[in-house]
Structures are given as structure tokens and as C-alpha cells.
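Just so we're on the same page: letters track the sequence lines, and every chain starts at 1. Only this structure's heavy atoms are used, side chains among them; waters, hydrogens and symmetry mates stay out.
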Protein chains: 2
Amino acid sequence: MPKVSDAYREARRDEIARAAMRRLGSQGFARTTMSDIIEESGMSAGAIYSHFASKAEIAQHVARLTVGTKVEELIDLATSAQPPLDPVQIISFVLGAAQEAGIPPTLLLQVWAEATVDAGVREIVVETVERLRGAYGAAIEPWLEAKGRQTDAASVQSVVDTMIGLSQGFIVKSALFGRDDPMAYLSGVAELLR
Amino acid sequence: MPKVSDAYREARRDEIARAAMRRLGSQGFARTTMSDIIEESGMSAGAIYSHFASKAEIAQHVARLTVGTKVEELIDLATSAQPPLDPVQIISFVLGAAQEAGIPPTLLLQVWAEATVDAGVREIVVETVERLRGAYGAAIEPWLEAKGRQTDAASVQSVVDTMIGLSQGFIVKSALFGRDDPMAYLSGVAELLR
DNA sequence: GTCTATAATAAGATAGAC
DNA sequence: GTCTATCTTATTATAGAC
């Protein structure tokens with residue numbers, strides 16, 4: 001297997017998955033048919049099935065592209081900031097990055113829902129949330145330290161769970177009510193923290 | 001139309017919707033077929049279609065039963081508590097009630113996802129979230145007052161948005177990782193509030 | 001790898017008897 | 001209102017030529 005072939009193959013898979021994503025956000029997984037994906041991609045059924053064995057496999061690739069984005073790189077910036085970013089800044093940083101990456105919240109919500117039904121998608125989503133937990137943990141520790149708070153694993157993780165919850169809540173809100181500004185959404189947290 | 005007939009009709013509709021709900025949490029809307037609902041309900045296709053015009057109509061009734069539960073009654077208790085309940089107590093109260101009502105978080109997540117795709121379901125979900133916002137607002141005001149915080153509409157709403165976000169985040173977490181204890185989930189909020 | 005045409009099946013919904 | 005049987009359509013996936 002030559003290297004070029006692999007790269008081409010992966011590029012083609014991404015191309016198909018991205019075509020699917022353009023419909024999934026508004027139609028959901030079930031209502032997006034193979035015909036839709038064929039039409040949207042400009043390819044043929046045969047071409048698509050030469051890259052994916054089934055529609056479910058496409059769904060899993062979509063999940064990877066959607067929730068599996070370079071979390072760590074984003075957080076690298078957060079951890080090196082001086083003075084340390086506070087929880088609200090960290091969350092709005094990540095949410096803003098997701099927005100700028102062009103991932104519609106409706107699509108994220110669809111992927112989460114699909115994760116409760118498709119084991120392959122679930123694995124991808126769970127793994128990504130775990131990575132995000134790690135990243136939030138690393139990003140928030142400097143702030144906790146600067147504030148003289150406890151920085152043992154349990155304390156950090158409980159704060160991280162709250163941050164994850166707020167992030168997911170923002171996605172749900174945006175998916176249901178339309179795109180929103182993370183900073184405005186998080187103003188209530190600042191209000192609570194006073 | 002005699003009164004008995006209406007009551008019977010509504011009871012029958014609930015019966016069908018509840019049969020559907022038993023499958024929806026694990027299978028999702030798309031993978032739950034009419035055959036599934038027929039089987040689970042013990043009725044026949046004809047019987048079901050005499051009460052619902054389509055599968056989408058069943059989905060909307062499910063949404064009503066799932067997210068449209070007596071939010072206000074729950075909050076009545078919260079508003080009258082002395083001393084006033086704090087944000088964490090209010091949220092865990094509502095989340096605990098949802099758990100005890102036997103609504104699986106996976107089903108809630110499915111309904112939210114369906115709301116982004118089905119306008120009828122969306123309307124029901126949006127309306128319910130609005131009611132929940134009102135209820136959270138009423139429940140949190142005594143606490144804000146006791147703490148000497150601002151109680152103008154904008155300030156209250158920003159705190160409420162955070163509470164809603166945390167609630168929805170808890171549902172997403174529970175749906176993906178399995179049932180969880182609201183109090184434990186919210187310990188991070190207390191940690192932040194210190 | 002990719003195409004067109006099509007097979008195989010499954011799904012939502014209805015007809016007509018009771 | 002409810003049942004059984006069935007119609008119609010849409011959908012996933014494959015076959016076989018290029």
C-alpha cells in the first residue's frame with residue numbers, strides 16, 4: 001500500500017463525511033439518506049460505498065470530524081496565558097473555537113443523540129469528552145492555584161465537570177434557540193461567582 | 001362529543017406514547033419503527049392510526065409527555081422554602097424530580113435532537129424551556145434577594161440561563177455516561193462559588 | 001475507483017371487515 | 001374503535017461494466 005493511496009483515501013472519506021455534515025445539522029442522521037449524501041457530494045453510490053461499508057460507518061466518521069477536533073491545541077493556548085484564564089474565559093474560548101470551526105450546534109446535538117444509539121459513535125464521543133475533561137483540567141489548574149484553591153484531583157475534576165456541563169448546555173441552547181454568544185451566555189456564571 | 005370519549009381518547013394516546021417511549025430512549029426516534037410501537041403497545045396498526053395520524057404526531061405527543069411535565073408544581077415547593085434554596089439546591093431538586101419521574105436522560109436528549117429536525121417537537125421543547133426559565137427565575141429570586149444581589153430582570157435571567165445550561169449539561173452527561181447523582185455533579189458549582 | 005442500474009428489504013400508512 | 005392483510009414508497013446496499 002503506497003502512502004499516496006492512503007492519503008487520497010482519507011481525503012475522499014473526509015469529502016464524503018463533510019457532504020453528509022452539510023445535511024445532518026438540519027435533517028438529522030435518520031432523515032439524511034444515502035441519496036442525500038450522494039447528491040450533496042456529487043459522487044455516485046458506487047464511489048461512496050467503495051470508501052464506507054455502510055451509512056453507520058459514515059456517521060462514525062462524521063462524529064470523529066465533529067467532536068474529535070484538536071482539543072489539545074486549543075487548550076495549549078489557554079494553559080500558557082498570563083495571568084491564568086478563569087473558568088468563564090476558558091469555556092468561552094473553547095465554545096468560540098467550535099463556532100469558528102463552523103460546527104453547527106445542531107450537528108453536535110445530533111451526534112450526541114446518535115451516540116446513545118450507535119455504539120461506534122458513542123465510543124468516539126465518550127473518548128472526546130474525556131480528552132476535553134483532561135484539557136479543561138490542565139487549563140483551570142493555574143487559576144485554582146492563583147486563587148489559593150484546592151488543586152487535588154477530585155476538586156479539579158468537580159470544577160471541570162461543571163465547566164463541561166456549562167459547555168454542553170450552551171450547545172443545547174444554541175441548537176434549540178439559534179446561535180448565541182458564549183460570553184453573554186456565561187455572564188450568569190460571573191454573576192454567581194461574585 | 002361526550003366527555004367520556006375524550007378522556008378515553010387521551011388515555012389511549014398516552015398509552016401509545018408511553019409504549020413508544022420505552023423504546024425511544026435506547027433506539028432513538030428513527031430506529032423506533034411503527035412495528036416496534038405496535039409490538040410494545042400490544043395494539044394493532046389500525047388502532048394506533050385511529051389515534052395518531054402519523055409517526056411524527058406520536059413523536060410530538062412523546063415530547064409533550066417527556067419535557068412538558070409539571071414544572072411549575074415542582075417549583076412551587078422551591079419558592080416557598082425557608083431559608084431560600086440556593087441555585088445548586090434548586091437545580092438538583094428539578095433534576096432529581098425528573099429522575100424520579102422515570103424519564104431517562106437518553107430520551108430527553110433524543111427529544112432535543114428531534115426538536116432540531118421536527119418543527120412540531122421544537123415548538124413543544126422551546127415552550128417548555130421557556131416555562132422552566134420562568135420557574136427557575138421565580139425560585140432563585142428569594143436567594144438573590146437574601147444575598148443582596150441585583151434582582152432586575154436581566155440579572156435574574158443571566159443567572160437562570162446558567163442554571164438551565166447546567167441542567168441540560170447534566171442530562172447530556174447522564175445520557176452519555178450513565179445515570180448520575182445531581183448533587184455530586186453540582187459540587188463543582190459550590191467549589192466555584194466559594 | 002467509479003459509474004449506472006437495480007435488487008432486496010423495510011417502513012409508513014391505508015382498506016375493508018367486524 | 002379495532003383488527004388483519006396489504007399497498008406504496010423510500011431506502012440501503014450491491015452487481016457488473018468501464
Side-chain angles (χ1 to χ4, degrees), chain A residues 1-24 26-63 110 113-114 117-121, chain B residues 1-24 26-63 110 113-114 117-121:
Chain A
M1 271 196 200
K3 190 92 195 187
V4 234
S5 174
D6 274 14
Y8 175 77
R9 191 176 169 74
E10 200 52 30
R12 211 76 168 124
R13 282 168 66 93
D14 283 3
E15 196 180 339
I16 294 163
R18 277 181 210 291
M21 286 165 71
R22 265 172 259 135
R23 300 253 177 156
L24 284 170
S26 58
Q27 295 182 191
F29 278 94
R31 292 160 119 114
T32 302
T33 67
M34 289 304 293
S35 306
D36 288 334
I37 299 174
I38 289 163
E39 195 183 319
E40 187 73 41
S41 68
M43 301 181 198
S44 67
I48 287 173
Y49 276 97
S50 78
H51 290 284
F52 290 100
S54 67
K55 188 183 163 184
E57 217 175 77
I58 298 178
Q60 287 166 29
H61 200 77
V62 166
Q110 295 291 343
E114 188 70 8
V117 162
D118 178 312
V121 172
Chain B
M1 272 196 196
K3 189 93 197 190
V4 233
S5 173
D6 274 15
Y8 176 77
R9 191 177 170 73
E10 201 51 33
R12 211 76 168 122
R13 282 167 66 92
D14 284 3
E15 197 181 337
I16 294 163
R18 279 180 209 292
M21 285 165 70
R22 264 172 259 137
R23 300 253 178 157
L24 285 169
S26 58
Q27 295 182 191
F29 278 94
R31 292 160 121 114
T32 301
T33 67
M34 289 305 293
S35 307
D36 288 334
I37 299 174
I38 289 162
E39 195 182 318
E40 186 74 40
S41 68
M43 300 182 200
S44 68
I48 287 173
Y49 276 98
S50 79
H51 290 284
F52 291 100
S54 67
K55 186 183 165 184
E57 218 174 74
I58 298 179
Q60 287 166 29
H61 200 77
V62 166
Q110 295 291 343
E114 188 70 8
V117 160
D118 178 314
V121 172

Handout entry: Donor-acceptor pair, side chain of B/Thr32 and main chain of B/Phe29, under 3.5 angstrom
Key = no

Exercise for the section: Respond yes when some side-chain nitrogen or oxygen of A/Tyr49 is under 4.0 Å from OP1 or OP2 of D/dT14, and no when none is. Expected result: no

Practice task
Specify the separation, in whole Å, of atom CD1 of A/Ile16 and atom P of D/dA13.
Solution key: 14 Å

Fill in the blank from the handout: Correct closest heavy-atom pair for B/Ala63 and B/Val121 would be CB-CG1, 4.0 Å

Problem - Approximate separation, where rounding is to 0.5 Å, of B/Ile58 CD1 and B/Ile16 CD1 - result: 6.5 Å

Exercise for the section: Determine the contact category for B/Ser44: base if any of its heavy atoms lies under 4.0 Å from a base atom, sugar-phosphate if only primed atoms, P, OP1 or OP2 are that close, otherwise nothing. Expected result: base

Practice task
Identify whether the distance between the nearest side-chain nitrogen and carboxylate oxygen of A/Glu15 and A/Arg12 falls below 4.0 Å.
Solution key: yes

Handout entry: Residue closer to the 5' end of DNA chain D, A/Ala53 versus A/Arg31 (nearest nucleotide)
Key = A/Arg31

Exercise for the section: Mark yes or no for whether B/Arg13, through its side chain, and B/His51, through its backbone, hold a donor-acceptor pair below 3.5 Å. Expected result: yes

Handout entry: Nucleotide interval of DNA chain C bounded by contacts with chain B (heavy-atom cut-off, under 4.0 Å)
Key = C/dA11 to C/dT14

Fill in the blank from the handout: A/Lys55 atom NZ is separated from D/dT12 atom P, nearest whole Å, by 4 Å

Handout entry: Under 3.5 Å donor-acceptor, B/Arg23 side chain and B/Glu40 backbone
Key = no

Exercise for the section: Indicate, with a heavy-atom threshold strictly under 4.0 Å, whether B/Thr33 touches base, sugar-phosphate, or nothing. Expected result: sugar-phosphate

